[in-house]
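Before any comments, here is the structure.
This one's a predicted model, so the numbers in the text were calculated from it and none came from an experiment. Proteins get letters first, then strands, A, B, ... in listed order; numbering begins at 1 in each.
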Amino acid sequence: MLVPFVSRSLSSSLRTKNPSFFLATRAVTNPVEKYWTHLQSNDPNIEKALTRVGAKLDSSCVKELLTRCSCTNKHPTSGLRFFIWAGIQREYRHNSHMYNIACKLFNINQNPNLITDVIDAYTLDNSVVNLKSFKVVLNLCKEAKLPNEGLWVLKKMQDFNCKPDTTAYNLVIRVFCEKGKMDEALMLMQEMSLSNLYPDMVTFITMVKSFCDLGRIQDASKLFKIVKQQGCSLNVIAYSTLLDGICKVGDLEKGLNLLDEMNKKGGSCTPTVVTYTSMIRNFCEKKKSMEALTILDRMENNGCLANRVTVTTFINGLITENRIDEAYKLIDRVVNKGNVSKGECYSSLVVTLLRFGKDEDGEKVFRKMLSNGLKPDGLACSMLLKKMCLKEVMDAFEVCNEIEKLGFVSSIDSEIYSMMMDGLCRKGCLMEASKLARLMIEKGVRLNGSYSESVVEYLNNAGEMELVSRIFGG
DNA sequence: TTAGGGTTAG
């Protein structure tokens, strides 16, 4: 858990004597406390009570309340009811990250009964639940990868006078698909028509993708044909999904033919940068990165420009084949077209080299970027500095200073700063640690919790009370 | 607002 690096509200004597107190302190906002009171009250109609609170919701507030509910272990159902209630509020919407947090905190995947418990609680309490609430529940099932519970919820909706719509069906179909349970997915697809809903492009693409992932290209193509026969117009996403599947199983030739077909059809089937990039990736994965260059020719001839993903994909392929010179050539070529910047391209090169364990090459490119005034992105900086911290923290510190001097405001992970601070303290480089502390304070970077205690301990042992107070006192 | 490509983790 991250803790605030600087907490001006605490007295410095308290902080230096008892850093763990400081670590346990968490900033609390008013809405959290307001909602928390109601969540603890065991009110059978939690939703009504929560609505009456009327305090502003945001993701940190939701996260905090979920954490509290999951920590106490007494309120998993209330916690989930809060989550579902929050998800249907007008001014707030859960993002996918929030679903992920909820699933992890309540360990829904391992405790699927939580889903049924919540719905049963709604029944028991006569709660008013609408279609929107059920979509939140279905999204939880999706995030927790629970197809059977998803199906159960879909059936249960009728008890609450809610009729599942296409989106609801598609959600559950997707969960079955992700589990590779295609028979169940197909059955749901059929069931949709029986309830006067019809599979749409989303249903279709979900199915095609899963058949492709399973290597069942024939089944995917069959589905494709059926949709065509029904007179539905297919779009570029559908075609690109099938194209990717065909290439993945190794049939690049057939893939190229399909790409031609898409170009001929034109309109909503015209290949996009995503289509070309996935084609390039497939060539690269088969160690044919030089041949992939012909795809780049094709896309440029069709007036489609490579973007950053295209470049990254290419660099990955070229470095895998040890063709670093070709990677440089490619970067020049793409940069000349003006769609991707030099800094972005070289950042991708650094990241790829480091990822492949070519640390020296990566560092060389990185330093060259700095000397040429090219701005490395956050990931390139973070990855390089992390590697350097593990080898020689002073080198990392020096590079970090250089980045600062050039005024490159890259988002370096707080983890990296914390690691560096820890390393400098361990080495007894107090001057540097002090300088880094100032930089972190200036940038508002928080010291990662796992390093706080060790950093304080080293500095205290070294008699650097002043530095400790500067770190924690600003 | 349930669907397509890469690199972090949130």
Side-chain angles (χ1 to χ4, degrees), chain A residues 1-2 59-60 63 93-104 131-132 134-136 138-139 141-143 150 154 164-178 185 188-189 192 197 199-210 212-213 234-245 247-248 262 268-269 271-285 295 299 304 306-317 319 340 344 347-356 377-384 386 410-416 448:
Chain A
M1 184 185 301
L2 295 176
S59 52
S60 69
K63 192 177 166 185
R93 226 188 98 107
H94 295 310
N95 53 27
S96 68
H97 177 51
M98 204 47 82
Y99 279 101
N100 187 269
I101 287 177
C103 285
K104 280 200 180 129
L131 182 63
K132 228 171 147 186
F134 277 109
K135 294 228 177 119
V136 179
L138 290 173
N139 269 300
C141 294
K142 181 188 132 201
E143 191 66 37
L154 211 56
D165 61 3
T166 307
T167 315
Y169 267 98
N170 283 348
L171 269 166
V172 182
I173 286 174
R174 186 173 158 159
V175 195
F176 276 115
C177 279
E178 281 173 354
L188 274 176
M189 225 170 120
M192 283 175 86
L197 294 167
D200 61 2
M201 197 54 77
V202 177
T203 327
F204 169 63
I205 291 169
T206 307
M207 299 287 297
V208 168
K209 186 177 181 331
S210 295
C212 287
D213 286 345
L234 293 157
N235 66 15
V236 63
I237 304 177
Y239 269 102
S240 301
T241 306
L242 182 64
L243 175 70
D244 188 53
C247 293
K248 224 177 250 165
M262 290 170 74
S268 64
C269 295
T272 65
V273 62
V274 179
T275 320
Y276 289 112
T277 303
S278 81
M279 192 97 214
I280 288 167
R281 185 177 41 79
N282 276 293
F283 270 83
C284 287
E285 278 170 1
I295 311 283
M299 73 187 276
C304 183
N307 64 17
R308 174 125 195 217
V309 182
T310 322
V311 176
T312 306
T313 307
F314 248 126
I315 291 176
N316 258 300
I319 299 302
V340 197
E344 288 177 302
S347 293
S348 281
L349 182 57
V350 170
V351 169
T352 307
L353 288 169
L354 295 178
R355 193 159 279 151
F356 277 80
D377 67 5
L379 186 59
C381 291
S382 295
M383 279 185 74
L384 184 85
K386 189 172 185 173
S410 288
S411 50
I412 300 172
D413 280 0
S414 63
E415 166 83 18
I416 308 297
N448 193 317

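In this structure, A:Glu285 places its CD atom 12 Å from P of B:dG5, rounding to the nearest Å. A:Arg308 has its CZ atom 12 Å from the C1' atom of B:dT8, to the nearest Å. Distance A:Ile416 CD1 to B:dA9 P: 11 Å, rounded to the nearest Å. To the nearest angstrom, C1' of B:dG6 lies 13 Å from CE of A:Met383. In this structure, A:Phe356 places its CZ atom 12 Å from C1' of B:dG6, rounding to the nearest Å. Atom-to-atom, NZ of A:Lys63 to C1' of B:dA9 comes out at 11 Å; the value is rounded to the nearest Å. B:dT8 atom P lies 12 Å from atom NZ of A:Lys386, rounded to whole Å.
In this structure, A:Val309 reaches the bases: a heavy-atom distance under 4.0 Å links it to at least one base atom across the strands shown. Residue contacts for A:Thr310: at a heavy-atom cut-off of 4.0 Å it reaches a base atom on one of the strands shown. Looking at heavy-atom distances under 4.0 Å, A:Ser348 makes contact with a base.
For A:Lys142, the salt bridge (Lys or Arg N to Asp or Glu O under 4.0 Å) test picks out no residue, with sequence neighbours left out. Here A:Asn235 pairs with nothing under the side chain to side chain donor-acceptor pair (under 3.5 Å) rule; sequence neighbours left out. For A:Lys386, the salt bridge (Lys or Arg N to Asp or Glu O under 4.0 Å) test picks out no residue, with sequence neighbours left out. Residues satisfying the salt bridge (Lys or Arg N to Asp or Glu O under 4.0 Å) criterion with A:Arg174, sequence neighbours excluded, are A:Glu178. When the side chain to side chain donor-acceptor pair (under 3.5 Å) test is applied to A:Asp377, the partners found at least two apart in sequence or on another chain are A:Arg308.
Considering every non-hydrogen atom in both A:Met201 and A:Leu234, the closest pair reads CE-CA, 3.9 Å. What you find for A:Val273 and A:Thr277 is that their closest heavy atoms are O-OG1, 2.6 Å.
When each of A:Val351 and A:Ser96 is assigned the nucleotide of DNA chain B with its nearest heavy atom, A:Val351 is the one assigned upstream, toward the 5' end.
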Nucleotide N/O of nucleotides 1-4 of chain B paired with protein N/O under 3.5 Å:
| residue | atom | partner | partner atom | Å |
| --- | --- | --- | --- | --- |
| B:dT2 | OP2 | A:Arg93 | NH2 | 3.3 |
| B:dT2 | O2 | A:Asn170 | ND2 | 2.3 |
| B:dA3 | OP1 | A:Arg174 | NH1 | 2.0 |
| B:dA3 | N1 | A:Asn235 | ND2 | 3.3 |
| B:dG4 | N2 | A:Ser240 | OG | 3.0 |
| B:dG4 | N2 | A:Thr272 | OG1 | 3.0 |
| B:dG4 | N2 | A:Thr275 | OG1 | 3.2 |

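Interface remark: the A:Asn307 side chain does form a donor-acceptor pair with the B:dG5 base, using a distance-only criterion of under 3.5 Å.
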